[in-house]
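Contents: one structure, followed by commentary.
Chain naming here is simple, since letters A, B, ... match the order of the sequence lines and numbering starts at 1 in each.
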Number of protein chains: 2
Amino acid sequence: MSNLTVRQKEIFEFIKSKISDKGYPPTRMEISNYFGFKSPNAAEDHLKALKKKGFIEILSGTSRGISLSNVDEGIPIIGLVSAGSPMLAEENVEKRIPPHPISSHGVDYYLRVKGDSMIDIGIFDNDLIAVNKDLNIKKGSIVIARIDDEVTVKTLKEFSANKVILRAENPNYKDIVVNPNNVHFDFEGTCVGLIRNIS
Amino acid sequence: MSNLTVRQKEIFEFIKSKISDKGYPPTRMEISNYFGFKSPNAAEDHLKALKKKGFIEILSGTSRGISLSNVDEGIPIIGLVSAGSPMLAEENVEKRIPPHPISSHGVDYYLRVKGDSMIDIGIFDNDLIAVNKDLNIKKGSIVIARIDDEVTVKTLKEFSANKVILRAENPNYKDIVVNPNNVHFDFEGTCVGLIRNIS
DNA sequence: ACTCATACTGTAATTATATACAGTATACCA
DNA sequence: TGGTATACTGTATATAATTACAGTATGAGT
């Protein structure tokens with residue numbers, strides 16, 4: 001999405017919004033009217049730019065023949081996280097799937113759960129948890145944290161400038177006590193939902 | 001969906017499939033070509049019939065101006081089930097939400113879980129379980145069963161002509177042993193997934 | 001200085017599309 | 001037995017839509 005100009009992005013968003021609420025893409029004329037262009041060719045030029053940059057496909061001779069290119073479609077599933085790489089780095093994306101059907105917060109990605117440390121609150125091995133990375137971290141939240149490049153899901157019990165306590169929801173695990181000044185520590189997000197496939 | 005003729009249903013399905021895989025609705029000509037009509041007016045007539053029956057909306061003067069009417073969109077969430085009513089009766093539908101993002105089987109509806117009888121396998125109070133109603137019931141499956149108009153979710157332990165054993169996944173609950181000949185008993189479906197919102 | 005990308009105006013032509021009108025034939029309902 | 005719905009063919013036309021060509025103007029990169 002990054003190598004689009006501001007104007008091109010506006011056009012692209014307009015096309016997406018038309019598709020989602022009307023059910024079909026706009027014509028050149030409709031784009032021009034919306035943006036106040038006096039010539040349909042202005043829209044044509046923009047479409048060509050979007051095509052060139054790989055964001056849409058244009059079917060020639062077809063009315064409203066604009067298809068969105070399915071790059072980056074869907075919410076990414078993050079499996080194993082490579083050391084040092086940002087959560088959403090492409091190398092960590094297992095695949096992409098549709099949005100969470102009922103999450104009341106935005107979902108930035110799904111994280112595949114490894115292990116049984118959270119089974120007492122119903123988070124099992126191989127479940128997908130829905131993560132929002134911008135929500136305010138607060139005591140009692142289920143948080144996704146990174147400690148020295150290791151990513152973990154735990155309940156946040158305490159949270160101050162020099163002491164963080166993370167608790168597993170499984171009596172077999174001990175609390176993790178961290179001083180963020182001594183180790184590399186980051187909150188990666190908050191768990192806002194869960195998805196499980198039962199086959 | 002019921003008061004459509006066979007032909008009309010075919011047309012309607014064709015329109016839906018075009019929208020979902022091309023991203024825009026078909027023209028009269030494209031419909032005619034697909035069905036082998038020799039006149040675009042055959043398609044026009046069908047569209048008018050579909051409009052009259054409320055399945056689509058047509059925007060006049062607009063190319064590909066066909067919108068699906070949003071009746072029955074989404075997978076229903078079933079909350080409390082009224083005694084005697086079929087699972088999917090409209091009175092039982094709490095709301096409708098998008099499909100399960102990763103379920104490998106079809107999902108006919110979601111059932112809102114009440115109680116803690118399945119917590120040992122991570123199914124908690126208020127979770128939504130995804131139910132497929134046509135899957136083969138087999139030992140070990142998590143099944144949705146109706147016993148004398150009461151709907152319950154349990155693991156199927158035994159299953160023969162005159163004995164069914166349903167087991168809760170929580171040691172505080174006893175097995176439910178049923179003779180299908182003596183009580184009103186039905187399998188309503190199999191649990192194929194789970195969704196949870198964490199707020 | 002030159003090219004290229006961006007962001008448009010203005011005009012115009014071909015073709016894609018919607019859609020009315022006139023029929024034909026079958027089936028069902030009252 | 002006449003009306004209405006279904007399911008088409010066949011023709012025709014106004015208009016919706018794509019899309020090429022010719023410009024103008026600005027800013028970035030080389």
Quick one: pull up CD1 in A:Ile123 and SG in A:Cys191 and give me the separation to the nearest 0.5 Å. 4.5 Å
Just how far, in rounded Å, is P of D:dT18 from CE of A:Met29? 11 Å
Has B:His100 got a side-chain atom pairing as donor or acceptor with A:Arg196's backbone, closer than 3.5 angstrom? yes
From C:dC8, C:dT19, D:dA7, nucleotide with atom closest to B:His46 side chain: D:dA7
Out of D:dA20, C:dT17, C:dT19, which nucleotide sits closest to the side chain of A:Lys48? D:dA20
Give the rounded distance in Å between these two atoms: CZ of B:Arg7 and P of D:dT9. 9 Å
Would you please confirm or rule out a distance under 4.0 Å between OP1 or OP2 of C:dT11 and any side-chain N or O of A:Ser39? no
Nearest-nucleotide 5' precedence on DNA chain D, B:Ala42 against A:Pro26: B:Ala42
Distance, rounded to the nearest Å, where B:Glu30 contributes CD and C:dT15 contributes C1': 14 Å
Using the side-chain heavy atoms of B:Lys38, tell me which of these nucleotides is nearest: D:dT6, D:dG10, D:dT19. D:dG10
Please report the distance, rounded to the nearest Å, between NZ in B:Lys53 and C1' in D:dA7. 12 Å
If you assign A:Asp45 and B:Thr62 each to the DNA chain C nucleotide with the nearest heavy atom, which residue ends up on the more 5' nucleotide? A:Asp45
Quick check on C:dT19: is either OP1 or OP2 less than 4.0 Å from any side-chain nitrogen or oxygen of B:Ser60? yes
Should the pair B:Phe35 and B:Phe14 be assigned to parallel (<30°), tilted (30 to 60°) or perpendicular (>60°) ring geometry? perpendicular
Output the rounded distance in Å from CD1 (A:Ile31) to C1' (C:dC8). 14 Å
Contact class for B:Thr27 (heavy atom, under 4.0 Å): base, sugar-phosphate, or nothing? sugar-phosphate
Using 30° and 60° as the class boundaries, would you call the ring planes of B:Phe37 and B:His46 parallel, tilted or perpendicular? parallel
So what does A:Arg28 touch, heavy atoms closer than 4.0 Å: a base, only the sugar-phosphate, or nothing? base
5'-most by nearest nucleotide on DNA chain D - B:Gly36 or B:Gly61: B:Gly36
Can you check whether any acceptor in the base of D:dT11 is under 3.5 Å from a donor in the side chain of B:Asn41, or vice versa? no
Can you tell me if B:Ser32 uses its side chain to pair, donor with acceptor, with the backbone of B:Ser39 under 3.5 Å? yes
Is B:Ser63 near enough to C:dA16 that one of its side-chain N or O atoms lies under 4.0 angstrom from OP1 or OP2? no
Step through the shown structure and confirm whether more than 12 heavy atoms of other residues, nucleotides or ligands are within 6.0 Å of CD on A:Glu150. no
For B:Gln8 and D:dA5, is the shortest distance between a side-chain N/O and OP1 or OP2 below 4.0 Å? no
Rounded to whole Å, the CD1-P distance (A:Ile56 to D:dT18) equals 11 Å
A:Phe35 CZ to C:dT6 P: how many Å, rounded? 16 Å
Nearest-angstrom distance from the residue atom CG of B:Leu47 to C1' of C:dT19: 11 Å
